[in-house]
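Each chain gets a letter, A, B and so on, in the order its sequence line appears, and its residues count up from 1.
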There are 2 protein chains.
Amino acid sequence: MAIRLTDVANEAGVSLATASRVLNGSARKPAPEISDKVRAAAEKLGYFPNAQAQALARASTKLVGLVVRDIADPYFSTIARGVQRGLGDSGTQVLLASTDSDPTREIEAVRAFMSQRTDAIILSGSRGMSEDEQLLRLIESYQENGGQVVVIGQPLATTGGIQIDNAKTSENLAGELIRAGHRSFVVLSGDRNLLTSADRANGFLTKLKRTGLSAVDVIHGAFSREGAYMAMSDFLASHAAEISNQQLCVFCVSDVMALGALRAIRERGLRVPEDIAVVGFDDIPTLEDVIPSISTAHLPLEEIGRWAGEMVLSHGDARKMVVTGTPVLRESTEFFTRLP
Amino acid sequence: MAIRLTDVANEAGVSLATASRVLNGSARKPAPEISDKVRAAAEKLGYFPNAQAQALARASTKLVGLVVRDIADPYFSTIARGVQRGLGDSGTQVLLASTDSDPTREIEAVRAFMSQRTDAIILSGSRGMSEDEQLLRLIESYQENGGQVVVIGQPLATTGGIQIDNAKTSENLAGELIRAGHRSFVVLSGDRNLLTSADRANGFLTKLKRTGLSAVDVIHGAFSREGAYMAMSDFLASHAAEISNQQLCVFCVSDVMALGALRAIRERGLRVPEDIAVVGFDDIPTLEDVIPSISTAHLPLEEIGRWAGEMVLSHGDARKMVVTGTPVLRESTEFFTRLP
DNA sequence: ACTATCGTGGAAAGCGCATTCCCAAATCTG
DNA sequence: CAGATTTGGGAATGCGCTTTCCACGATAGT
C-alpha cells in the first residue's frame with residue numbers, strides 16, 4: 001500500500017542497502033551523486049519511512065510515554081507542554097496516557113508503553129508508589145530491559161527524576177504566612193494515600209507545630225476542584241463559629257483545590273481574604289486570571305517538564321534533581337486583624 | 001533482551017504460531033489446556049508483546065495522532081481529555097504533538113504521524129488549511145494509504161470531523177448581546193489568517209450589520225492571552241473618549257483572549273462590566289474561577305473531543321457533524337445605561 | 001469400512017527496514 | 001608498477017510477530 005524503501009531503491013536504481021544509508025542517518029555516506037538520485041526518488045514517490053519497521057530493525061523507537069492524572073488539569077498540561085519543549089526537535093514522539101487517578105489505569109498505561117517499547121517513561125501523576133508493588137515490579141523490569149524512567153514528584157529508589165520537595169516547600173509557605181500575621185490555619189488535604197498531598201499537608205503542619213501553633217482542623221477531600229469544593233462546603237457549614245471569630249487561613253494542598261475551596265467560600269457569602277484567607281500550591285497559570293490573586297507556592301511547572309524531557313534525551317545519566325517551591329503571598333492571604 | 005514470543009512458546013513447549021494465537025486475539029482458539037500452558041508461561045516470563053513487531057505483521061498500529069496548537073491551553077487540553085475518553089479502553093494509544101501555531105511544525109507533526117503509521121490523525125488546532133497546499137497534499141496521501149483524518153473545527157472536503165459553526169455561533173451571540181441592550185461593540189480578533197478567528201469575527205460583524213449596527217472598531221492581536229492583552233492595552237490607551245462615553249462591549253474571539261483583554265482592562269483601572277463589557281468564545285473550564293463570570297459561547301469541548309475519539313474507533317464512516325455553540329450571558333456583559 | 005470433512009498444531013513466509021559481511025574497484029605505498 | 005589498503009555498493013540475514021499453508025489425526029457421512 002504505502003511506498004516502501006524497496007520501491008525507492010528500485011526507482012533510483014540502487015540497492016535497498018544504499019537507499020537505507022542515504023535516507024536514514026547511517027554512518028556510511030554513499031556518494032553525493034547516488035545520494036541525490038535516491039533522495040529524488042524518495043521525494044517523487046512520497047516515501048515515508050515506516051517507523052515500526054525501523055524500530056524493529058534498530059532497537060529504539062524514539063518514543064517516550066508520558067503518564068499524567070488528567071491532561072485537562074493545568075498542572076499536568078503545563079508539565080506536558082514543558083516535556084514537549086524539552087524534547088524539542090529531537091524527533092522523539094510523545095505517547096500520552098491519562099489515568100484519572102486510577103492506579104489500575106496507571107499500570108495499564110505503563111504496560112502499554114512497555115509494549116510500545118518506548119525509550120523512556122515519564123511518570124508524572126503518580127501516587128504513593130512505594131506501596132504499589134505491582135507498578136514497582138513493572139518499572140523494574142522495564143528498566144532491566146533498558147527503559148529509562150523519569151518520575152516527577154517522588155522519584156523511586158531505582159529511577160531518576162525531578163523530586164519536588166513538597167514538605168519543605170509547605171514548611172516555607174507556612175512560615176511566610178505566619179510572618180504575615182496568620183495564626184489560625186485549616187489544612188485542606190487530598191486523598192490520604194496520595195503521597196504528594198500528604199507531604200504537603202504534613203510539611204505545613206510540621207512548621208505550625210514547630211512554631212507552637214496547631215491547625216484548627218485538617219480536612220480531606222478528593223484531590224480535585226470538586227473534592228475541595230465539597231469538603232470546604234461541609235467545613236463552612238459546620239464551623240460557622242470559628243469563622244466569625246477570626247480570620248481563618250485555609251491551606252489547600254493544590255491550587256486546583258484552592259479554586260474549589262474559593263468557590264465554596266464565595267457561595268457561602270464570605271469574602272476572601274477579609275473573612276477567610278486561602279492559599280494554594282503549584283502556581284498554575286490559571287491563577288493569573290483569578291481575583292483575588294491567590295497566594296501559593298510557586299513551582300516552575302513548565303521547566304520541570306522541560307527538564308524531564310531533557311533527561312530523557314541525555315539518555316544515561318539518570319540524574320535526580322530536587323526542586324523546592326517558592327512561597328508567593330498575594331491578595332488571598334492579606335492579613336486582617338479582627339476587632340474583639 | 002526482552003522476552004520474546006518465541007521464548008514463551010519454548011517455555012510452554014508449543015510452537016510460535018500457537019503461542020501467538022493464544023496470547024493475541026486470533027480467530028483460531030487453541031485448546032483450553034494448551035492455552036493455559038501458554039498463558040502460564042507468558043505470565044511466568046513476564047512477556048510483553050512487541051507492539052512494533054505486531055504493527056509490522058498486522059497492518060495496524062492502534063495509534064492515533066493528535067495535533068493541537070498548545071496542550072497547555074485549556075481549550076486544547078479539554079479536547080485532548082475528551083479524545084482520550086472517547087478512545088476509552090479500546091487499547092488505542094494517543095500520540096501527541098503541539099505546533100505552537102507554527103504551520104511548519106504542524107506539517108512535521110503530520111509527517112511524523114504518517115511515519116508512525118497511526119491509524120488516524122485528529123487535527124485540532126489547524127489554521128486556514130485551504131491555503132496550505134502542502135498539508136493538504138500530505139493529508140490526501142495519508143488517506144490514500146488508508147489513514148483516517150478527523151478535523152475539529154473546519155473539516156476539509158475529503159475528511160470527516162466535527163465542524164464548529166463559528167460564524168453562526170457568533171451571530172447568535174451577537175444577537176443575545178443586542179437583546180441585552182448592548183449597542184457599542186468592539187471586536188478583538190486574532191491572527192488574520194486563522195480561519196477560526198476570522199469566522200468568529202465575521203459572524204459577529206454580520207449580525208451587527210444585519211441589525212443596523214456596526215462595530216466601533218475591529219482590532220487584531222495574536223490568538224493568545226498575551227496577544228489580546230497587548231491589543232487591548234493599545235486600544236484602551238488610544239480610545240479613552242469612546243470608553244468614557246458609553247459602555248463598550250468587547251467581543252473576543254476566544255475565552256483565552258477574553259482573559260487577556262480582561263487583564264488589560266483591569267490594569268487600566270476600569271471595571272467589568274460597568275465600564276466595559278467583555279465576551280469570549282469557547283467556554284473553557286477556566287472560566288469557572290473567574291470573577292466576574294465571563295459571558296461566552298459555550299462549546300461542548302470535552303464532548304467534541306470524545307466524538308472525535310469515537311469517530312476514530314468506528315473506523316469507516318467518516319461522518320461529519322456540525323456543532324453550534326450556545327450563547328451564555330453572564331456577569332461580564334451585564335448592561336448598564338450611562339447617564340447622559 | 002472407506003472416503004470426505006473438520007479441527008488443530010506446526011513450519012515457513014513475509015511485514016519494512018538496518019546492518020553485517022562480502023567483493024570489486026579505487027587509492028595509496030615504496 | 002605490484003602489492004597493500006581503503007572505499008563504497010550489494011546480497012543476505014534478522015528484528016518479533018502474524019498468518020497463510022500443510023500435515024495429521026479425529027469425526028462424520030453413506
Side-chain angles (χ1 to χ4, degrees), chain A residues 1-39 41-42 45-63 91 114-119 145-147, chain B residues 1-39 41-42 45-63 91 114-119 145-147:
Chain A
M1 178 176 304
I3 308 295
R4 292 157 306 161
L5 189 52
T6 308
D7 303 326
V8 175
N10 288 342
E11 174 77 21
V14 300
S15 79
L16 179 60
T18 303
S20 171
R21 288 195 266 254
V22 171
L23 295 178
N24 310 75
S26 167
R28 287 180 53 176
K29 293 282 167 204
E33 177 192 352
I34 294 204
S35 296
D36 290 346
K37 241 184 353 188
V38 173
R39 260 187 287 270
L45 265 42
Y47 169 72
F48 280 86
N50 182 321
Q52 324 294 331
Q54 288 190 148
L56 198 56
R58 306 173 161 153
S60 137
T61 53
K62 289 272 210 173
L63 239 39
M114 289 178 70
S115 255
Q116 293 289 344
R117 299 294 191 267
T118 56
D119 295 340
N145 291 338
Chain B
M1 179 177 300
I3 307 296
R4 292 157 308 160
L5 188 52
T6 308
D7 303 328
V8 176
N10 287 342
E11 174 78 20
V14 301
S15 80
L16 181 57
T18 303
S20 171
R21 289 196 265 255
V22 171
L23 296 179
N24 310 74
S26 167
R28 288 179 51 177
K29 293 284 167 203
E33 177 193 354
I34 294 206
S35 296
D36 289 347
K37 238 182 0 186
V38 173
R39 260 188 286 271
L45 265 42
Y47 169 72
F48 280 86
N50 181 322
Q52 322 295 329
Q54 288 191 147
L56 197 56
R58 306 173 165 154
S60 139
T61 53
K62 288 273 212 173
L63 241 39
M114 288 177 71
S115 256
Q116 293 289 344
R117 299 291 191 272
T118 57
D119 295 339
N145 291 336

*Asks:* B:Arg4 has a side chain; which of C:dA18, D:dG16, D:dT18 sits nearest to it?
*Replies:* D:dG16
*Asks:* Find every protein N or O atom lying less than 3.5 Å from an N or O atom of nucleotides 7-9 of chain C, and list the pairs.
*Replies:*
residue, atom, partner, partner atom, Å
C:dG9, OP1, B:Ala31, N, 3.4
C:dG9, N7, B:Arg28, NH2, 2.2
C:dG9, O6, B:Arg28, NH1, 2.9
C:dG9, O6, B:Arg28, NH2, 3.0

*Asks:* Tell me the interatomic distance from A:Lys62, atom NZ, to C:dC17, atom P, rounded to whole angstroms.
*Replies:* 17 Å
*Asks:* Report the end-to-end axis angle of the helix from C:dA1-D:dT30 to C:dG30-D:dC1; each axis comes from five terminal pairs, and the value is rounded to 10°.
*Replies:* 30°
*Asks:* Just verifying a value: how many Å separate A:Ile3 CD1 and A:Asn50 CG, rounded to the nearest 0.5 Å?
*Replies:* 12.5 Å
*Asks:* For A:Arg39, give me all partners under side chain to side chain contact (heavy atoms under 4.5 Å, CB included), at least two apart in sequence or on another chain.
*Replies:* A:Val22, A:Leu23, A:Ser35, A:Asp36
*Asks:* Quick one: CG on B:Asp7 to CG on B:Leu45, what's the gap to the nearest 0.5 Å?
*Replies:* 6.5 Å
*Asks:* Within this structure, what is the CG-to-P distance between A:Leu5 and C:dG14, rounded to whole angstrom?
*Replies:* 19 Å
*Asks:* Under the rule for side chain to side chain contact (heavy atoms under 4.5 Å, CB included), what residues qualify as partners of A:Ala9, not counting sequence neighbours?
*Replies:* A:Val14, A:Ala19
*Asks:* State, with a plain yes or no, whether a side-chain heavy atom of A:Ser20 is found less than 4.5 Å away from one of A:Leu5.
*Replies:* yes
*Asks:* Any donor and acceptor pair, going by atom type alone, linking the side chain of B:Asn145 with main-chain N or O of B:Gly147 inside 3.5 Å?
*Replies:* no
*Asks:* When the distance from CG of A:Leu16 to P of D:dT13 is rounded to whole Å, what number comes out?
*Replies:* 14 Å
*Asks:* Under 3.5 Å, is there a donor-acceptor pair between the side chain of B:Thr61 and the main chain of B:Ala55?
*Replies:* no
*Asks:* Write down the distance between CZ (A:Arg117) and P (D:dG16), rounded to a whole number of angstrom.
*Replies:* 8 Å
*Asks:* In whole angstroms, how far is the C1' atom of C:dG16 from the CD atom of B:Gln116?
*Replies:* 14 Å
*Asks:* Would you mind telling me which of C:dG16, C:dC17, D:dC17 lies closest to the side-chain atoms of A:Leu56?
*Replies:* C:dG16
*Asks:* Using the side-chain heavy atoms of B:Asn24, tell me which of these nucleotides is nearest: D:dT18, C:dA18, D:dC17.
*Replies:* D:dT18
*Asks:* If you check the B:Asn50 side chain, which of D:dA11, D:dC17, D:dT18 turns out closest?
*Replies:* D:dC17
*Asks:* Any side-chain N or O of A:Gln54 below 4.0 angstrom from OP1/OP2 of C:dC17?
*Replies:* no
*Asks:* Hey, does the side chain of B:Gln52 reach the backbone of A:Gln116 with a donor-acceptor pair shorter than 3.5 angstrom?
*Replies:* yes
*Asks:* Separation of A:Leu23 atom CG from C:dA18 atom C1', in whole Å?
*Replies:* 13 Å
*Asks:* What is the distance, to the nearest angstrom, from the CE atom on A:Met114 to the C1' atom on D:dG16?
*Replies:* 16 Å
*Asks:* Using side-chain hydrogen bond (donor to acceptor under 3.5 Å, both in side chains) as the criterion, list what pairs up with B:Asn10, not counting sequence neighbours.
*Replies:* none
*Asks:* Taking only the side-chain heavy atoms of B:Ser20 (C-beta and beyond), determine which of D:dG14, D:dT18, D:dG16 contains the nearest atom.
*Replies:* D:dT18
*Asks:* Can you list the residues that meet the side-chain hydrogen bond (donor to acceptor under 3.5 Å, both in side chains) rule with A:Ser60, with sequence neighbours excluded?
*Replies:* A:Asp119
*Asks:* For A:Gln52 and D:dT18, what is the distance between atoms CD and P respectively, to the nearest whole Å?
*Replies:* 14 Å
*Asks:* Less than 4.0 angstrom between a side-chain N/O of B:Thr6 and OP1 or OP2 of D:dG16, yes or no?
*Replies:* no
